[in-house]
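To keep things clear, I will list the structure first and then write my remarks on it.
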2 protein chains.
Amino acid sequence: MSNFDDETAVEAIGDGRWRARISAEWSIGDVPNGGYVQAVALAAIRRSVPHPHPLTVTTHFLRPCAMNADAVVEVEPIRSGRTVSTASARLVQDGKERLRVLATYGDLAAGVGPSAVSGQAPSLGSPDTYAGRTETGLLPGAAGPRPTIAGRIDVRLDPAWVAGMGTPGGGTTAFKAWIRFSDGRPSDAQSLPLLVDALPPAIFGVVAPEWVPTIELTTHVRALPAPGWLRAVVSTRFLVDGLFDEECELWDADDRLVAMSRQLARVLSPPKESVAAART
Amino acid sequence: MSNFDDETAVEAIGDGRWRARISAEWSIGDVPNGGYVQAVALAAIRRSVPHPHPLTVTTHFLRPCAMNADAVVEVEPIRSGRTVSTASARLVQDGKERLRVLATYGDLAAGVGPSAVSGQAPSLGSPDTYAGRTETGLLPGAAGPRPTIAGRIDVRLDPAWVAGMGTPGGGTTAFKAWIRFSDGRPSDAQSLPLLVDALPPAIFGVVAPEWVPTIELTTHVRALPAPGWLRAVVSTRFLVDGLFDEECELWDADDRLVAMSRQLARVLSPPKESVAAART
């Protein structure tokens, strides 16, 4: 077992309900990472549908989850067909729903049909020349408690992006990075919806690195990843009145796109004047 | 009233349930357009939540809807907060759920917080020099019944993209277009989640123009549109084993991004050898 598998484990308690424990080891500031709590809900869905891989997952984050605390995931199977199954799940703590997931599962190993790819795999420097999270200090949750997720997920950031942060007019809302589990667990279809959400927000290029709550996150898992580091391309293009999109692509060692995500999130703090012009 | 408002109208029948009529005037081939039936479900959600605008909407399409037929929309309010409300809806015909929607609403006119935009508004030729849907013939549903949506929504396609279609190796999976309602109804936050799905699929640049069912569609409404034509930027980058992404951005006359969407859809027919290399 790995940290990911241990800390997203669910136990059936009947009637489509599953008991889980929300770990404190995947935090951003003083809340658990959204991708992590989503992974707990997905662990329950996976055991409730006949298809193995999450093709498309959408989560609406309603309230932060409590850490070191139990949770119940309630799964509603919606439809199971020959090629795909759709289900919904709600994760509840203390009687309050924390997140709602809507997902369609399929089998990425059984795909048939044409292929035509125009997207280009990103090119990055070696992970050894990129900046680890602890070296950069400010990413993420610099103003609050240490983000424990830094111990679970190994992230290496483009040093040029990191250097531009905090420089008036010098920061950009796009960067590339390497990402993998710290304990050596290979990435797979179950963990990609977490990994797309486990990098520092690209918006930190132009706003102070504080908690930016996600309203909604949608991930498409597009291929089963090859072993090894994944390359990430992260960008935000439209911060408008405090709301922003963030996109993440993950590419594997075989130059295949394995996941793409988009989220809608919100800047809680800084006033308009603290925001430098965004460039990507 | 407009065609859109008439044909997405819902009537309360109690207990969070709403009665609707699925029109035959928004078809693609012999099924109603997904964005249209989604708009029927959203009409019921809108009347069930305190906030006016859909900020983020995800729909999983389970089965095609029947046209010229009644439907019931069942709305589940999930959470209402100060700034946003989240709700789910299921649209049912003949006892079978056809689509499931998960949406968070807010107030786009009440936004506070910083702005920083790096995305660029697209430049297009005049709508008069672009190709109407009926002129192009093949878009969409060329192999089946006339797509009635062509009478409801006025679309003008980049003639260079249209010319490349069907040319071996010459088609691309990206195009620009103009779009507006045919009856002059202004676009607004309620109708943008339909308009992002009302253009021909960009995948028609490399596969035969037949029905490509959407598995999941997510739309972010980012601003209230100015009156007049909208400009659309549509692209597909990853067709893999028959599954593909499609992205759409809609821009208003004031050069503001008003909506962005991504969907995961499926090519039903053609064999691998009929697919030209994709270029965007």
Side-chain angles (χ1 to χ4, degrees), chain A residues 55-56 58 60 62-63 78-79 81 84 86 88 90 97 100 102-104 106 108 111-119 172-174 203 206-207 215-216 218 220 222-223 235-245 256-257 260 262 264 266-268 270-272 274-280, chain B residues 55-56 58 60 62-63 78-79 81 84 86 88 90 97 100 102-104 106 108 111-119 172-174 203 206-207 215-216 218 220 222-223 235-245 256-257 260 262 264 266-268 270-272 274-280:
Chain A
L55 301 183
T56 170
T58 291
H60 287 236
L62 309 168
R63 301 173 180 88
I78 296 174
R79 177 180 181 269
V84 294
T86 302
S88 180
R90 49 199 302 266
E97 183 170 353
R100 176 70 62 105
L102 181 57
T104 291
L108 286 166
V112 291
S115 296
V117 171
S118 60
T172 67
T173 56
I203 201 79
V206 296
V207 304
I215 296 172
E216 173 265 329
T218 294
H220 294 177
R222 300 300 307 273
S235 66
T236 286
R237 291 191 301 146
F238 302 96
L239 168 64
V240 178
D241 296 342
L243 288 175
F244 66 94
D245 62 295
R256 277 180 313 184
L257 177 86
M260 57 199 310
R262 178 180 285 160
L264 183 69
R266 186 157 45 177
V267 174
L268 289 180
K272 285 179 191 283
S274 76
V275 178
R279 299 180 294 124
T280 52
Chain B
L55 300 183
T56 169
T58 291
H60 288 236
L62 309 168
R63 300 174 179 89
I78 296 173
R79 178 180 180 269
V84 294
T86 302
S88 181
R90 48 200 303 268
E97 183 170 352
R100 176 71 62 105
L102 181 56
T104 290
L108 286 166
V112 291
S115 296
V117 171
S118 60
T172 68
T173 56
I203 201 79
V206 295
V207 303
I215 296 172
E216 173 265 327
T218 294
H220 294 176
R222 300 300 307 273
S235 66
T236 286
R237 292 190 302 146
F238 302 97
L239 169 64
V240 178
D241 296 341
L243 288 174
F244 66 94
D245 62 296
R256 278 180 312 184
L257 176 86
M260 56 198 311
R262 177 181 286 159
L264 184 68
R266 186 157 45 178
V267 174
L268 289 181
K272 284 177 191 283
S274 75
V275 178
R279 298 180 294 122
T280 51

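Every chain is numbered from 1, with letters handed out A, B, ... down the list of sequences. Because the structure is predicted, anything quoted here is derived from the model rather than measured.
- B:Ala103 touches chain A through its backbone: at least one of N, CA, C or O sits under 4.5 Å from a heavy atom, while the side chain does not.
- Side chains of B:Leu239 and A:Val117 form no contact here, defined as non-hydrogen atoms less than 4.5 Å apart.
- Interface remark: B:Thr218 contributes side-chain atoms only to the contact with chain A (heavy atom separation under 4.5 Å).
- The shortest side-chain heavy-atom distance between A:Phe238 and B:Met260 falls under the 4.5 Å cut-off.
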Where do B:Arg100 and A:Arg79 land on the side chain to side chain contact (heavy atoms under 4.5 Å, CB included) test, with the steps shown first?
CA-CA 10 Å; B:Arg100 176 71 62 105; A:Arg79 177 180 181 269; over 6 Å; no

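- For the set A:Ile215, A:Leu108, A:Ile203, A:Asp245, the count of heavy-atom pairs under 4.5 angstrom toward chain B peaks at A:Asp245.
- Between chain B and the options A:Val240, A:Leu102, A:Thr104, A:Thr58, heavy-atom pairs under 4.5 Å are most frequent for A:Leu102.
- Heavy atoms of A:Leu243 lying under 4.5 Å from chain B belong to its backbone as well as its side chain.
- No hydrogens or angles considered: nothing links the side chains of B:His60 and A:Thr86 as a donor-acceptor pair under 3.5 Å.
- Of the listed residues (B:Arg90, B:His220, B:Arg63), the one with the most heavy-atom contacts under 4.5 Å to chain A is B:His220.
- B:Arg222 is listed as a side-chain neighbour of A:Leu264, based on a closest heavy-atom distance under 4.5 Å.
- In this structure, B:Arg237 and A:Leu257 have side chains that are not in contact, with every pair of non-hydrogen atoms separated by 4.5 Å or more.
- Residues A:Ser118 and B:Thr236 approach most closely at OG-O, 3.7 Å, considering heavy atoms.
- The backbone N or O of A:Asp241 sits less than 3.5 Å from a side-chain atom of B:Ser115, completing a donor-acceptor pair.
- Contact of B:Arg266 with chain A is made through the side chain alone, with heavy-atom distances under 4.5 Å.
- If you measure heavy-atom distances from B:Leu55 to chain A, the contacts under 4.5 Å come from both the backbone and the side chain.
- A heavy-atom distance below 4.5 Å is found between the side chains of B:Glu97 and A:Ile78.
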